[in-house]
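Below, chain A is the first sequence line, B the second, and so on; all start at residue 1.
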Number of protein chains: 2
Amino acid sequence: MESRSELELLVLGIVWKQGPLTAHAVRMEFTHSKSSHWSGSAGAIYPLVRRLEQAGLIAGADERRGRQDRRVLRITPAGRSALRAWLRPPFPDELFTVQYDPIRIRLYFLGLLPAEQQGQFLDAMEQGLSAQLPALEADRDAYLAQGWLHSSLANDGILAVRRAQLEWIAKARALLDRLGESKG
Amino acid sequence: MESRSELELLVLGIVWKQGPLTAHAVRMEFTHSKSSHWSGSAGAIYPLVRRLEQAGLIAGADERRGRQDRRVLRITPAGRSALRAWLRPPFPDELFTVQYDPIRIRLYFLGLLPAEQQGQFLDAMEQGLSAQLPALEADRDAYLAQGWLHSSLANDGILAVRRAQLEWIAKARALLDRLGESKG
DNA sequence: CCGCTCATGTAACTGGTTACATGATTTA
DNA sequence: TAAATCATGTAACCAGTTACATGAGCGG
């Protein structure tokens, strides 16, 4: 069993959950997604889909639509089995290590800025993190309305993390403000 | 002004904060880090340091240690300036998009498993996420003891996110348990 | 019939990784 | 004196990206 990338399993999951669909539709899942970790570029998706098909995890069928063919993808029993294995132990350590956060890595070095600009940085982070909250809440409701319980739960994770980050930023600012005052 | 990768700015920040140090010491920052996003591989760090030096953002000086030379890195005024610019608006959208989370992307597809194994998945996530909490709290204290306020604040972000994730998982399990009972 | 979306694909590039290689220095 | 660590580096690879290319179908 060759080890597959996280993106490959994610695409397999999309084919399972949203399928049958075309590779193009898979791509749209990425381009419309609020996450920017993967772009869903054609150069990534089309070869990847081909690999999954060659491995027997998905099956593509040429469907006529007007004069043109489009390849419609379905998950196979082997694909479902691979997806299940991905959701069962053993899990790679990667799941539990500290994840990448471009805001946090900047915060490590915020002391380089004068106090006033530190406040401006935190303001900008607070604003940026809040901006998408309504849209994310709408997504959660949309998942629920469709009866996609697990997607809704997953989406709750985004909201939980974001709210925690907002509290974190607010606390940092409160602390830095207090320090600034006692000095000035 | 050529645009630099996030890793380049992070290394620049390390040189500012921990410097003067060797490229090898920079590498150790990554290999000992709880985050696994970058490995700090030699093939990444040495060419990167060379690029930063050629751009005038850091300055390397050959120091004698015994019979061997080692190159000690210091940040330059231009480097400090680049680091400040990185901490000031405008910020790329990337900072505010939903970040990669391998636990969350699995949760989207958890419905593929039978209820019992869904519970096992959530158990494993809870355990994995909790395991490093004491070590992360120790880091925070160590930063404070050293007077590195901003590093400590940044580290608080890791803790805040992790605790939020734990609550999120606990809520998901409570919900799924309730649903399972009402069915059985 | 024009522009947008659907649909599939490739070529060149990029920012990393793994694995390998070398040699001095320090520690048990 | 052997093993671990410090220190620097390169070659081959890899999983993605950007940009480009083609063409059919569809709505105004």
Just N and O in the side chain of A/Tyr46: are any of them under 4.0 Å from OP1 or OP2 of C/dG9?
no
Respond yes when some side-chain nitrogen or oxygen of A/Ser5 is under 4.0 Å from OP1 or OP2 of D/dG16, and no when none is.
yes
Taking the minimum atom-to-atom distance to the side chain of B/Arg50, which one of D/dA19, D/dT10, D/dA7 wins?
D/dT10
Picking from D/dT8, C/dA7, C/dT17, which would you name as closest to the side chain of B/Arg27?
D/dT8
Report yes if some heavy atom in the side chain of B/Tyr108 is under 4.5 Å from a heavy atom in the side chain of A/Trp148; otherwise report no.
no
The side chain of B/Ala42 is closest to which nucleotide in this list: D/dG16, C/dA19, D/dA19?
C/dA19
Regarding A/Glu94 and B/Arg106, does a basic nitrogen lie under 4.0 Å from an acidic carboxylate oxygen?
no
Give B/Ala23 one of three labels, base, sugar-phosphate or nothing, depending on what nucleic acid heavy atoms sit under 4.0 Å from its own.
sugar-phosphate
Report whether A/Leu112 and A/Leu175 are members of the same hydrophobic cluster (ILVMFWY, side-chain heavy atoms less than 4.5 Å apart, transitive linking).
yes
What nucleotide among C/dT17, C/dT8, C/dA19 has an atom nearest to a side-chain atom of A/His24?
C/dT8
Side-chain contact check for A/Ser39: nearest option of C/dG9, C/dT18, D/dT18 is D/dT18
Sequence neighbours left out, what passes side-chain contact (heavy atoms from CB on, under 4.5 Å) with B/Ala138? Give chain and number order.
none
Using distance alone, with no hydrogens and no angle criterion, decide if A/Gln165 and A/Asp101 have a side-chain donor and acceptor under 3.5 Å apart.
yes
So what does B/Leu7 hit on the nucleic acid, given a heavy-atom distance under 4.0 Å: a base, only sugar-phosphate, or nothing?
sugar-phosphate
Report yes if a side-chain nitrogen or oxygen of B/Ser41 is closer than 4.0 Å to either non-bridging phosphate oxygen (OP1 or OP2) of C/dT18; otherwise report no.
no
Just to verify, what does B/Gln117 make a side-chain contact (heavy atoms from CB on, under 4.5 Å) with, not counting sequence neighbours?
A/Arg88, B/Leu113, B/Pro114, B/Gln120
Between the protein and nucleotides 22-26 of chain C, list the N/O to N/O atom pairs that are separated by less than 3.5 angstrom.
from	atom 1	to	atom 2	distance (Å)
C/dT25	OP1	B/Arg65	O	3.4
C/dT25	OP1	B/Arg67	N	2.3
C/dT25	OP1	B/Gln68	N	3.3
C/dT25	OP2	B/Arg67	NH1	3.3

